[in-house]
Amino acid sequence: MIIALVIIGIIVLFLVGLYNSLAQAKQRVKNAFADIDVQLKRRFDVIPNLVNTVKGYAQHEEGLFTKVTEARTNFEKAASPADKLSANNAVSMLLPQIYAVAENYPDLKANANFLELQRELVDTEDKIQ
């Protein structure tokens, strides 16, 4: 009888430990998604400033700026992680185009505000990864 109680006690302790480790893993996943969400929001806050800086130099690139604004709006409206990922991918495809526009304007590449925004965006990208 005592051996059966010891075995049952060991099984119960094992199940409690297993449940606790699964609950901790679930919480770590939630925290990781929250951290990514914060960095994505930071990214989407930096991008309009970068676009506005570039806009002053590149008035005829209006189509690109409209796409960036639409992508940012889509991200803000996204409710699910899949929608946020889709909006993030859209912006990721637009960033090289923004940098290409900046390459066409040597004065812009020397602009301190643009360089700071670009550095901040790269820092945010690193944190997302």
Side-chain angles (χ1 to χ4, degrees):
M1 178 83 160
I2 294 177
I3 295 174
L5 288 175
V6 169
I7 292 174
I8 291 173
I10 291 172
I11 291 173
V12 167
L13 287 175
F14 173 75
L15 292 175
V16 167
L18 180 63
Y19 175 80
N20 285 339
S21 63
L22 289 174
Q24 287 175 346
K26 182 179 179 181
Q27 189 61 39
R28 282 194 306 264
V29 168
K30 283 183 180 180
N31 289 342
F33 274 116
D35 290 345
I36 291 170
D37 196 39
V38 165
Q39 293 305 321
L40 288 174
K41 286 179 183 176
R42 180 176 177 226
R43 177 187 191 200
F44 281 95
D45 288 341
V46 170
I47 289 173
N49 295 332
L50 185 66
V51 168
N52 288 335
T53 302
V54 174
K55 246 186 206 183
Y57 286 88
Q59 295 296 328
H60 64 279
E61 306 288 348
E62 193 63 37
L64 175 62
F65 304 132
T66 302
K67 289 178 188 177
V68 170
T69 302
E70 289 173 2
R72 185 171 191 252
T73 302
N74 289 340
F75 177 79
E76 289 174 351
K77 290 180 182 177
S80 71
D83 292 340
K84 288 182 181 183
L85 179 63
S86 176
N88 178 54
N89 289 341
V91 170
S92 293
M93 292 174 58
L94 292 172
L95 284 176
Q97 294 176 19
I98 293 172
Y99 292 137
V101 168
E103 290 292 322
N104 293 333
Y105 301 93
D107 292 340
L108 175 61
K109 290 191 317 189
N111 182 301
N113 189 32
F114 175 77
L115 294 174
E116 176 62 24
L117 289 169
Q118 190 175 17
R119 185 202 57 75
E120 192 172 332
L121 190 58
V122 168
D123 182 49
T124 302
E125 294 286 334
D126 290 343
K127 287 179 182 177
I128 289 172
Q129 290 197 10

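Numbers here simply count residues along the sequence, with the first being 1.
Cluster annotation: L18 and I10 are assigned to distinct hydrophobic clusters (Ile/Leu/Val/Met/Phe/Trp/Tyr, side-chain heavy-atom contacts under 4.5 Å, transitive). Cluster annotation: L5 is not connected to L13 through the hydrophobic network of ILVMFWY side chains, with a link wherever side-chain heavy atoms come within less than 4.5 Å.
Legend: residues meeting side-chain hydrogen bond (donor to acceptor under 3.5 Å, both in side chains) with Q24, ordered by chain and number and at least two apart, are absent.
Residue V29 is found in a hydrophobic cluster whose other members, listed by chain and number, are F33; membership requires side-chain heavy atoms under 4.5 Å apart, directly or through intermediates.
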